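Here the structure is laid out as structure tokens; the discussion comes afterwards.
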Protein chains: 2
Amino acid sequence: MMNHSLDRAFTALGDPTRRAIVERLASGSATVSELAAPLPMSLPAVMLHLKVLEESGLVASEKKGRVRTCRIEPAALSLAEQWVSDRRRLWEARLDRLDAFLDSAAEETP
Amino acid sequence: MMNHSLDRAFTALGDPTRRAIVERLASGSATVSELAAPLPMSLPAVMLHLKVLEESGLVASEKKGRVRTCRIEPAALSLAEQWVSDRRRLWEARLDRLDAFLDSAAEETP
DNA sequence: AAAATACTTAAGGGATTGCTTGACAATTAC
DNA sequence: GTAATTGTCAAGCAATCCCTTAAGTATTTT
């Protein structure tokens with residue numbers, strides 16, 4: 001499965017500026033200017049980051065008048081979260097089985 | 001907090017080859033050659049991906065004789081998972097509060 | 001000791017990323 | 001209607017990324 005949307009989601013989250021944007025949006029919607037205000041870069045640069053976030057599906061936005069308001073898209077976050085969670089659980093299940101094996105082996109040769 | 005380790009973890013997971021490696025390792029440790037076998041690229045290329053994964057903390061490895069064996073490092077996976085989870089929950093809690101507000105508002109003007 | 005195996009390092013090249021500045025809408029306020 | 005606000009587009013540039021091939025090193029195997 002050539003999962004393009006996970007590519008984009010994880011790559012988007014790999015940049016500290018974009019994570020800061022997601023962090024800010026997690027506590028409520030915000031306009032482009034509001035998002036840009038605390039960031040140490042030009043407005044066009046922030047726009048580019050927002051574009052990446054939108055293409056990844058992590059963020060959505062609507063323009064009303066001259067103001068664009070952005071919000072989290074929880075489904076995409078959930079997808080990324082799930083991928084990591086599934087792999088970690090699979091690995092940990094393996095470890096559990098190994099522990100169980102070692103324990104039973106120890107019982108047999110006390 | 002300038003979270004460098006999350007940068008590396010998410011960026012690492014943003015590449016499909018590296019996700020394929022993590023996927024493979026989730027179901028058990030493997031040598032470099034075993035990891036490289038199904039991948040459509042040269043061995044040195046795979047080594048570079050492994051280097052990125054190790055620097056991100058997602059994967060660890062040990063060399064015994066001439067064979068390097070790689071394994072998942074669940075703590076780093078957990079960290080990434082947690083970051084996404086926390087933001088999603090924060091956002092969803094907001095949505096819940098909004099629903100509650102709309103419900104109570106509807107009760108007051110029936 | 002020679003050959004095969006398993007990995008590693010180095011050099012380089014083409015594509016992508018993350019910014020910048022400058023110019024240009026489109027909308028709202030005065 | 002003029003000016004301020006808010007966002008967008010375009011060109012360009014330095015750094016990084018992902019891969020290649022070629023040439024090693026270290027460890028078995030025969």
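Throughout, a chain's letter reflects where its sequence line sits, starting with A, and its residues are numbered from 1. This is a predicted model, so every value here is computed, not measured.
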Review point. Got A/Leu13 and B/Leu6 here, is their nearest side-chain heavy-atom distance under 4.5 Å?
Key: no

Exercise for review: Apply side chain to side chain donor-acceptor pair (under 3.5 Å) to B/Arg66 and list each qualifying residue two or more places apart in sequence or on a separate chain.
Suggested key: none

**Study point:** Length of the CG-P vector between A/Asp7 and D/dC17, whole Å
**Key:** 16 Å

Practice item. Let me know the distance between CE of A/Met47 and P of C/dA25, rounded to the nearest Å. Key: 16 Å

Check your understanding: Which residues satisfy the side chain to side chain contact (heavy atoms under 4.5 Å, CB included) test with A/Ala37, sequence neighbours excluded?
Key -> none

Point to revise | Option from B/Leu53, B/Ile72, B/Leu79 for which side-chain contact (heavy atoms from CB on, under 4.5 Å) with B/Leu58 holds | key: B/Leu53

Review point. Is a salt bridge present between A/Arg68 and A/Glu62, judged by a nitrogen-to-oxygen distance below 4.0 Å?
Key: no

With the criterion being N/O to N/O and under 3.5 Å, what pairs connect the protein with nucleotides 17-20 of chain C, and how long is each?
{"residue": "C/dG18", "atom": "OP2", "partner": "A/Arg18", "partner atom": "NH1", "Å": "3.1"}
{"residue": "C/dC19", "atom": "OP2", "partner": "A/His49", "partner atom": "NE2", "Å": "2.4"}
{"residue": "C/dT20", "atom": "OP2", "partner": "A/Ser42", "partner atom": "N", "Å": "2.9"}
{"residue": "C/dT20", "atom": "OP2", "partner": "A/Ser42", "partner atom": "OG", "Å": "2.8"}

Check your understanding: Would you say A/Val22 and B/Trp83 make side-chain contact, with heavy atoms under 4.5 Å?
Key -> yes

Practice item. Calculate the interatomic distance between A/Phe10 atom CZ and D/dC17 atom P; express it in whole Å. Key: 18 Å

**Study point:** Of residues 65-72 of chain B, the positions that come close to DNA chain D - non-hydrogen atoms, cut-off under 4.0 Å
**Key:** B/Gly65, B/Arg66

Check your understanding: Which whole-number value in Å describes the distance from B/Glu34 CD to C/dT5 P?
Key -> 16 Å

Study note, to complete from the structure: Taken to the nearest whole Å, NZ/B/Lys63 to P/D/dA26 is 9 Å

Review point. In whole Å, what is the span from the CG atom of A/Leu50 to the C1' atom of D/dT6?
Key: 13 Å

Exercise for review: Could you tell me which residues satisfy side chain to side chain contact (heavy atoms under 4.5 Å, CB included) with A/Thr31, sequence neighbours excluded, listed by chain and number?
Suggested key: A/Ser33, A/Glu34, A/Val67, A/Thr69

**Study point:** side chain to side chain contact (heavy atoms under 4.5 Å, CB included) involving B/Ser78 - partner list, sequence neighbours excluded
**Key:** A/Arg88

